[in-house]
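In what follows, a single structure is set out as structure tokens and then discussed.
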Amino acid sequence: MLKILKFPDPVLRIACKSWTFDSHQSVIDAEKIEKDMIDAMFAFDGIGLAAPQVGIDYRVFVMGHKDFPESAQAFFNPMVVSTTEDIDDLEEGCLSFPGIFVNIKRPKKIKARWQNSKGEWQEDEFDGYNCKCFLHELDHLEGIVFQDRVSSLKWAMAVKKSKRRK
Ligand SMILES: [Zn+2]
């Protein structure tokens with residue numbers, strides 16, 4: 001099982017490299033990474049997991065829900081094509097920050113492109129929690145964590161609340 005790195009592990013601050021599908025070997029690796037990352041995401045009850053969170057410095061993340069395991073998938077070299085101006089302010093958590101939940105403003109809807117584990121380009125629209133999750137994981141690939149997206153006061157309150165829950 002892959003190990004989840006916790007903040008402030010320095011790997012979480014790395015800007016990840018693009019994944020290159022230029023050989024048969026890299027497709028095999030891509031399918032293995034997809035499977036291993038989905039297994040780890042489900043084991044830790046996550047709905048998203050980015051490669052740097054498991055110590056891999058490539059542009060890939062996985063998303064999915066344990067109740068619908070067949071819908072879980074990896075997104076290689078993901079990018080946002082367009083966003084709406086409407087903003088959602090929904091609660092986020094992160095496997096690298098156990099127990100901390102905080103509301104973060106992000107676009108309500110996006111259109112995104114990525115490669116699947118076979119290297120085929122895909123395009124789709126995301127809204128609600130899927131949109132939020134996509135943008136949260138995309139941030140990880142740039143070395144950005146959700147703490148960076150809120151004021152220090154709001155963050156301090158979220159940390160305090162997480163300690164009360166324990
Ligand atoms: Zn995260």
Side-chain angles (χ1 to χ4, degrees), residues 1-19 30 32-69 71-80 83 87-110 112-117 124 126-163 165-166:
M1 179 68 66
L2 292 169
K3 209 178 117 216
I4 311 260
L5 303 179
K6 306 288 183 327
F7 194 79
D9 192 292
V11 179
L12 294 169
R13 287 307 195 184
I14 285 175
C16 296
K17 300 181 282 247
S18 295
W19 183 275
K32 181 167 170 26
I33 282 181
E34 177 172 47
K35 190 190 174 300
D36 289 351
M37 284 181 62
I38 288 171
D39 286 349
M41 173 174 72
F42 287 162
F44 292 96
D45 284 326
I47 55 165
L49 180 66
Q53 292 180 278
V54 291
I56 300 168
D57 58 345
Y58 280 96
R59 296 183 65 82
V60 51
F61 60 73
V62 293
M63 275 171 47
H65 198 282
K66 216 155 64 172
D67 294 343
F68 312 97
S71 69
Q73 60 168 313
F75 300 79
F76 289 83
N77 302 323
M79 61 185 90
V80 172
T83 62
I87 299 292
D88 253 347
D89 189 13
L90 303 172
E91 192 178 66
E92 288 183 28
C94 180
L95 292 177
S96 296
F97 294 80
I100 299 181
F101 296 92
V102 62
N103 277 51
I104 307 229
K105 291 188 173 72
R106 298 192 189 266
K108 211 182 176 95
K109 198 169 166 186
I110 55 167
R113 288 192 78 205
W114 69 92
Q115 283 169 288
N116 65 16
S117 57
D124 205 354
F126 297 89
D127 58 13
Y129 270 98
N130 287 330
C131 174
K132 169 168 230 34
C133 188
F134 193 101
L135 293 170
H136 176 115
E137 304 311 332
L138 191 62
D139 273 353
H140 274 302
L141 306 185
E142 307 290 346
I144 298 167
V145 296
F146 70 155
Q147 179 180 4
D148 306 335
R149 298 267 180 209
V150 291
S151 68
S152 48
L153 176 65
K154 202 168 162 188
W155 183 257
M157 283 166 64
V159 171
K160 206 166 153 189
K161 208 162 119 191
S162 79
K163 286 184 179 141
R165 268 183 220 173
K166 272 177 199 161

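Computed from a predicted model, the values in this text were never measured in an experiment. Whatever order the structure lists them in is the order used to number ligands and atoms, beginning at 1.
- Around the Zn ion (ligand 1), the protein atoms of type N, O or S found under 2.8 Å away are Cys94 SG, His136 NE2, His140 NE2, listed by chain and number.
- With sequence neighbours excluded, the residues that form a ring-ring contact (aromatic ring centres under 6.0 Å, His included) with Phe7 are Phe97.
- Every residue two or more places apart in sequence or in another chain that forms a ring-ring contact (aromatic ring centres under 6.0 Å, His included) with Phe126 is listed here: Trp114, Phe134.
- Using a cutoff of 4.0 Å between basic side-chain nitrogens and carboxylate oxygens, Arg106 and Asp139 are scored as salt-bridged.
- Salt bridge present: Arg59 and Glu142 bring a charged side-chain N and a carboxylate O closer than 4.0 Å.
- His140 is linked by a ring-ring contact (aromatic ring centres under 6.0 Å, His included) to His136, counting only residues two or more places apart in sequence or in another chain.
- Counting non-hydrogen atoms of neighbouring residues, nucleotides and ligands closer than 6.0 angstrom, the NZ atom of Lys154 exceeds 12 such neighbours.
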